[in-house]
J.: 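Below are the structure tokens for one structure; questions will follow.
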Amino acid sequence: MIYGVYFSATTTTEKVVGAMMEGIGMECKSINVTHKEIEALKTGKDDLVIFAAPVYGGKMAPIAKERMANICGNNTPCIVVVVYGNRAFENALCDIAQFVAERGFVPVGAAAFVGEHSYSTANFPIAAGRPDQEDMATARAFGQEIRAKLNSDTLKNVDVATLKDWPVSDESLKNFREFIMRYQKQQSETPVKLVPVTDSELCIKCGECIALCPTGAIADDCVTVDNTKCIKCCACVKGCKMNARKLDSPFAPVLSQNFGERKPVIMKLL
Ligand SMILES: Cc1cc2nc3c(=O)[nH]c(=O)nc-3n(C[C@H](O)[C@H](O)[C@H](O)COP(=O)(O)O)c2cc1C
């Protein structure tokens, strides 16, 4: 059986996995762990699992690890996929590869796709609209390649460390680093825990934000947020049909200004 196991708060990872499965063109079982942990699942070497997760802070999103912890391989081939917001995926592919290896999986393919950044807004767009048609076509083509390899029986272990971030100008990196230093200094002096807020003029209390929140951080009033549970994934912001929720991330301007250039998909299959 082919499985697609993914966490996706704002659906960009879900779209990429969907297109890959379409490209594979065989019966695939989708396991969405955004709202609940995976139920214990044992797989073997005749199965193939696509593991996909967003990049948070240059790593595989920690919540995706928690939700996927209960899956077990036995030399099971897998494809590891990370989706990042056009800044950098840094260690996320190595991280997800290690996570799956510890559970008995052998990565035979890897990819880093770009998805609209969780903090992207109309004023500060960051990879807005991605994965776009070109990305979706790339994901389908990657799926087709996987299918061809499965048929040819020549799958090999891929060294994900050979997949590197797309280069960024020194100036952008410098601007980002300087921003991070200022931000960390501010946070150490006056810590601020940012969470999405609700505009009560626009909110119709439909409860959609509560349903979309992967961690159950929003109270019944559609307003109060438990900041110990909120992971700032922005599922509630992007999913609110009334545009009543927003998160003014201090990261949005610096990301928009320095990581605006379209990055390509980076992938490898052995
Ligand atoms: C807490 C947090 C940290 C993030 N860190 C990064 C990062 O280090 N690099 C990056 O390019 N994008 C980063 N992003 C953006 C997400 O990786 C990106 O929006 C991704 O497409 C979200 O996937 P999803 O739509 O499946 O939830 C971050 C987003 C959040 C919420």
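Numbering of ligands and ligand atoms starts at 1, following listing order.
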J.: Could you see which bit of Glu14 sits under 4.0 Å from ligand 1, with heavy atoms only: side chain, backbone, both or neither?
T.: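 No part of Glu14 is near ligand 1 at this cut-off.
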J.: Which option out of Val55, Ile63, Asn86 puts a heavy atom nearest to atom 28 (C) of ligand 1?
T.: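 Considering heavy atoms of Val55, Ile63, Asn86, the nearest to atom 28 (C) of ligand 1 sits in Val55.
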J.: Have a look at Ser120, Ala61, Gly85, Ala112 and point out the one with the heavy atom closest to atom 12 (N) of ligand 1.
T.: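 Ranked by closest heavy atom to atom 12 (N) of ligand 1, first place is Gly85.
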J.: Do Phe113 and Tyr84 have ring centres separated by under 6.0 Å?
T.: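 Centroid separation for Phe113 and Tyr84: 6.0 Å or greater.
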J.: When only distance counts, is Pro54 in polar contact with ligand 1, meaning an N/O pair under 3.5 Å?
T.: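 Such a contact does not occur with ligand 1.
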J.: Quick one: does ligand 1 sit under 4.0 Å from the side chain of Thr11, the backbone, both or neither, non-hydrogen atoms only?
T.: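 Backbone only; the side chain of Thr11 stays clear of ligand 1.
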J.: Taking distance alone, with N or O pairs closer than 3.5 Å, would you say Thr12 contacts ligand 1?
T.: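 Min N/O separation from ligand 1 is below 3.5 Å for Thr12.
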J.: Indicate, as side chain, backbone, both or neither, the part of Ala88 found under 4.0 angstrom from ligand 1 when only non-hydrogen atoms are considered.
T.: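 Just the backbone.
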J.: Under 4.0 Å, heavy atoms only, figure out whether ligand 1 is touched by the backbone of Ser8, its side chain, both or neither.
T.: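 Answer for Ser8: both.
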J.: Heavy-atom distances under 4.0 Å are what count here, so tell me which part of Arg87 touches ligand 1: side chain, backbone, both or neither.
T.: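 Both backbone and side chain.
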J.: Is the closest N or O pair between Cys233 and ligand 1 shorter than 3.5 Å?
T.: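 No, Cys233 has no N/O under 3.5 Å of an N/O on ligand 1.
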J.: Would you mind listing which atoms of ligand 1 come within a distance below 4.0 Å of any non-hydrogen atom of Val83?
T.: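 What qualifies from ligand 1 is 17 (O), 20 (C), 21 (O).
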J.: Going through the distances and angles, do Asp47 and Lys45 end up as a salt bridge (charged side-chain N to carboxylate O under 4.0 Å, His left out)?
T.: CA-CA 5 Å; Asp47 297 311; Lys45 60 179 179 344; over 6 Å; no
J.: Tell me which one of Leu247, Thr34, Thr10 gets a heavy atom nearest to atom 27 (O) of ligand 1.
T.: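 Among Leu247, Thr34, Thr10, the closest heavy atom to atom 27 (O) of ligand 1 belongs to Thr10.
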J.: Can you check ring-ring contact (aromatic ring centres under 6.0 Å, His included) on Phe51 and Tyr6, steps first, answer last?
T.: CA-CA 6 Å; Phe51 284 97; Tyr6 62 90; over 10 Å; no
J.: Atom 31 (C) of ligand 1: which protein heavy atom is closest, and how many Å away?
T.: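 Atom 31 (C) of ligand 1 sits closest to the protein heavy atom Lys232 O, 3.1 Å.
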J.: State which residue, out of Thr76, Val158, Asn157, Val100, fulfils the side-chain contact (heavy atoms from CB on, under 4.5 Å) condition with Val106.
T.: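 So, applying the side-chain contact (heavy atoms from CB on, under 4.5 Å) to Val106 and each of Thr76, Val158, Asn157, Val100, only Asn157 qualifies.
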J.: Hey, would you say the Phe259 and Phe176 ring centroids sit under 6.0 Å apart?
T.: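 When the ring centroids of Phe259 and Phe176 are compared, they turn out to be within the sub-6.0 Å range.
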J.: For atom 29 (C) of ligand 1, find the nearest protein heavy atom and state the residue, atom name and distance (0.1 Å precision).
T.: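 Nearest neighbour among protein heavy atoms for atom 29 (C) of ligand 1, to 0.1 Å: Ser118 OG, 3.3 Å.
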J.: Under a heavy-atom criterion of less than 4.0 Å, does Tyr119 contact ligand 1?
T.: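 Tyr119: in contact with ligand 1 (<4.0 Å).
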J.: Any side-chain heavy atom of Leu255 sitting closer than 4.5 Å to one from Asn258?
T.: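 Leu255 vs Asn258: side chains apart.
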J.: I'd like to know if Cys234 contacts ligand 1, where contact means a heavy-atom distance under 4.0 Å to any ligand atom.
T.: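 Contact absent.
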J.: Counting heavy atoms only, which of His117, Arg130, Lys238 comes nearest to atom 15 (C) of ligand 1?
T.: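 Closest candidate by heavy-atom distance is His117.
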J.: With a 4.0 Å cut-off on N to O distance, would you call Asp135 and Arg262 a salt bridge?
T.: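 Salt bridge flag = yes for Arg262 with Asp135.
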